[in-house]
Amino acid sequence: MRTIAIIGASLAGLRSAQALRQQGFDGRLVVIGDEIHLPYDRPPLSKDFLLGKVEMVPLADQEDLDALDAEWRLGTQATGLLSTQEIALSDGSTIEADGVVIATGGIPRTISNTHVLRTLDDAVKLRDALAGAQHLGVIGAGFIGAEIASSARALGKEVTVVEALPTPLTRVLGAEMGAACGQLHGDHGSTLITGINVDSVNVDGVINLADGRKVDADVVVAGIGTRPATDWLAGGPVEVANGVVCDAGGVTNVKNIVAVGDVVNCAGHRAEHWTSATEQAQVATRNLLAGETVATHTNGGYVWSDQYGVRIQFIGRATDDVRVEDGSIEDRKFVATYRDGENEEDVVGIVAMSNARLFTRLRRNLKQAG
Ligand SMILES: Cc1cc2nc3c(=O)[nH]c(=O)nc-3n(C[C@H](O)[C@H](O)[C@H](O)COP(=O)(O)OP(=O)(O)OC[C@H]3O[C@@H](n4cnc5c(N)ncnc54)[C@H](O)[C@@H]3O)c2cc1C
């Protein structure tokens with residue numbers, strides 16, 4: 001391969017560029033990103049960035065970037081795949097490449113008159129808005145919504161979180177552990193309203209709930225998930241269905257095109273987590289250079305989230321059979337396992353609050369875990 005183009009200049013794109021060089025690719029490497037920034041880390045945006053403790057956190061320093069010897073086409077959007085080897089760009093130019101890595105991530109779902117938090121620019125707007133706000137409304141009690149709520153409480157704001165499901169995070173952690181996470185809000189003075197949809201949000205920030213109740217927020221942020229950034233692939237050669245459809249090694253229906261990170265739909269599943277994006281890059285680029293799937297992803301979908309001074313960690317999959325192995329939910333310090341059978345080896349997932357040491361030990365024994 002002489003030229004590889006990476007579309008998306010964030011975590012998965014950068015890690016793919018690094019992995020390609022580590023694996024000996026010495027051809028032309030072009031990285032196309034529609035943000036104007038070099039790759040920066042998103043997890044701090046909902047945490048220390050909102051608290052004013054950090055500014056943009058780069059994912060690589062200048063020396064590492066120089067060593068990559070890549071062409072960075074920032075502030076430039078890929079607008080289409082004209083063929084399996086030609087990419088159209090928003091500046092009217094095209095790039096020919098023998099190999100393509102799709103790393104375009106996700107686009108936040110939104111509601112009128114609310115903030116979202118995906119990019120550095122979003123974070124700057126939200127931080128500025130919070131500075132002048134008394135009462136933050138958060139729609140969605142998933143990881144990002146909960147982290148924003150936690151940061152706003154730390155800033156002394158009144159916080160109300162509205163969640164459509166009866167329990168937060170049920171789809172990821174199951175109802176029991178989702179409820180445990182939901183309790184963190186009340187512990188720290190945030191109000192959590194569950195099991196109700198939001199009808200609309202007024203320009204002044206008032207949230208109108210479906211049952212007629214109103215939440216008197218003055219700034220509102222929606223943390224209601226993302227959709228994969230695949231619009232630019234419409235009508236092209238790559239199969240798209242709730243993400244770029246890939247095999248277990250990140251290879252698309254076109255052999256010289258792989259996909260990595262939040263944009264991927266692998267076996268019907270989108271793993272929208274930091275560690276998955278990093279690990280997928282290693283595997284998918286190996287397959288790209290090999291011209292076939294010689295390696296598959298082994299990451300078990302690890303995710304961490306920092307809320308109200310508590311670190312939540314999860315890997316694997318949740319089942320109804322969840323057992324606290326150490327500590328207690330009441331203390332907000334425990335490790336629990338999810339089982340799909342009666343034996344030790346039937347553990348299929350692990351969740352922890354503020355017990356990283358035991359979580360890490362159990363994680364090593366988990367089947368399929370990365
Ligand atoms: C606020 C926040 C906090 C988070 N906290 C955690 C955490 O605590 N723990 C955890 O495990 N995960 C966390 N995550 C998730 C993690 O950051 C993501 O999984 C990771 O960023 C995915 O990387 P990616 O490169 O696949 O996608 P992205 O980071 O979304 O990057 C995709 C890039 O592609 C660009 N792009 C899109 N379309 C085009 C196009 N057509 N042409 C050119 N460029 C394009 C986008 O602008 C973007 O820069 C957090 C995410 C956010 C937003």
Side-chain angles (χ1 to χ4, degrees), residues 43-54 111 113-117 122-123 125-170 172-173 175-198 201-202 204-211 213-224 303-314 327-334 351-356:
L45 297 180
S46 48
K47 309 172 182 83
D48 283 352
F49 185 92
L50 287 184
L51 296 175
K53 291 185 181 170
V54 296
I111 296 172
N113 301 321
T114 66
H115 287 258
V116 290
L117 181 52
D122 296 335
K125 280 187 209 150
L126 181 59
R127 192 172 65 179
D128 288 351
L130 270 177
Q134 300 281 327
H135 186 172
L136 175 71
V138 181
I139 304 176
F143 288 128
I144 289 181
E147 289 182 357
I148 297 170
S150 155
S151 298
R153 277 304 295 150
L155 291 168
K157 310 296 172 188
E158 189 182 339
V159 175
T160 304
V161 183
V162 183
E163 165 61 45
L165 294 175
T167 317
L169 288 162
T170 312
V172 188
L173 303 179
E176 190 177 343
M177 292 299 144
C181 293
Q183 284 160 6
L184 291 173
H185 294 290
D187 290 350
H188 296 270
S190 296
T191 303
L192 174 64
I193 302 174
T194 57
I196 189 77
N197 282 312
V198 167
V201 177
N202 298 350
D204 61 3
V206 172
I207 305 173
N208 302 300
L209 304 183
D211 60 5
R213 278 181 289 168
K214 292 183 188 303
V215 176
D216 254 334
D218 39 20
V219 170
V220 183
V221 61
I224 51 172
V303 60
W304 82 92
S305 176
D306 295 324
Q307 303 169 21
Y308 302 104
V310 170
R311 169 152 293 192
I312 299 164
Q313 293 172 289
F314 171 76
S328 77
I329 292 176
E330 292 69 34
D331 292 342
R332 315 291 186 237
K333 187 170 163 57
F334 66 89
V351 63
M353 268 192 198
S354 293
N355 194 340

Task: Working for side chain to side chain contact (heavy atoms under 4.5 Å, CB included), residues V162 and L209 - done: CA-CA 9 Å; V162 183; L209 304 183; 3.7 Å; yes

Task: N208 vs V198, side chain to side chain contact (heavy atoms under 4.5 Å, CB included): CA-CA, chis, key distance, verdict - done: CA-CA 6 Å; N208 302 300; V198 167; over 6 Å; no

Task: Chi angles and distances behind the side chain to side chain contact (heavy atoms under 4.5 Å, CB included) call for L126, L50 - done: CA-CA 8 Å; L126 181 59; L50 287 184; 4.1 Å; yes

Task: Residues V206, V215; criterion side chain to side chain contact (heavy atoms under 4.5 Å, CB included); working and verdict - done: CA-CA 6 Å; V206 172; V215 176; over 6 Å; no

Could you give the side-chain donor-acceptor pairs of residues 128-142 under 3.5 Å, partners two or more places apart or in another chain?
residue, atom, partner, partner atom, Å
H135, ND1, D216, O, 3.2
H135, NE2, T160, OG1, 2.8

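The shortest non-hydrogen separation linking C181 to I312 is SG-CD1, 3.6 Å. The heavy-atom pair separating G327 from F334 by the smallest distance is C-CB, 3.9 Å. Nearest heavy atom pair, residue A152 against residue V159, reads CB-CG2, 3.7 Å. For V351 against F314, the heavy-atom pair with the smallest separation is CB-CD1, 4.1 Å. Taking all atoms of both residues into account, the shortest heavy-atom contact from L169 to G178 is CB-CA, 4.3 Å.
Aromatic ring orientation, H185 versus Y308: perpendicular (interplanar angle above 60°, classes split at 30° and 60°).
We find the CZ-CG distance between F143 and L173 to be 4.5 Å, quoted to the nearest 0.5 Å. One finds the CG atom of L155 at 9.5 Å from the OG atom of S150 (value rounded to the nearest 0.5 Å). With rounding to the nearest 0.5 angstrom, the CZ atom of R332 is 12.0 Å from the CD atom of Q307. Going from atom CG of D331 over to atom CE of M353 covers 11.0 Å, rounded to the nearest 0.5 Å. Residue S151 holds its OG atom at 4.5 Å from CG of L51, rounded to the nearest 0.5 Å. Atom-to-atom distance recorded for L45:CG and I144:CD1 is 9.0 Å, nearest 0.5 angstrom.
When the side chain to side chain donor-acceptor pair (under 3.5 Å) test is applied to H115, no partner is found at least two apart in sequence or on another chain.
Taking 4.5 Å as the limit, some side-chain heavy atom of E147 sits within range of a side-chain heavy atom of S305. Inter-residue side-chain proximity for L192 and T194 is flagged as met; some heavy-atom pair is nearer than 4.5 Å. Looking only at side-chain heavy atoms (C-beta outward), Q183 and I329 come within less than 4.5 Å of each other. Between I196 and E163, every side-chain heavy-atom pair lies at or beyond the 4.5 Å cut-off.
Looking at N113 and N202, their side chains never bring a donor and an acceptor atom within 3.5 Å of each other. Judged by distance alone, the side chains of K333 and N355 never bring a donor and an acceptor atom under 3.5 Å apart.
Taking 4.0 Å as the cut-off between side-chain N and carboxylate O, R311 and D306 count as a salt-bridged pair.
By the neighbour-count criterion of 12 heavy atoms within 6.0 Å, atom NZ of K47 is densely surrounded, having more than that number from other residues, nucleotides or ligands.
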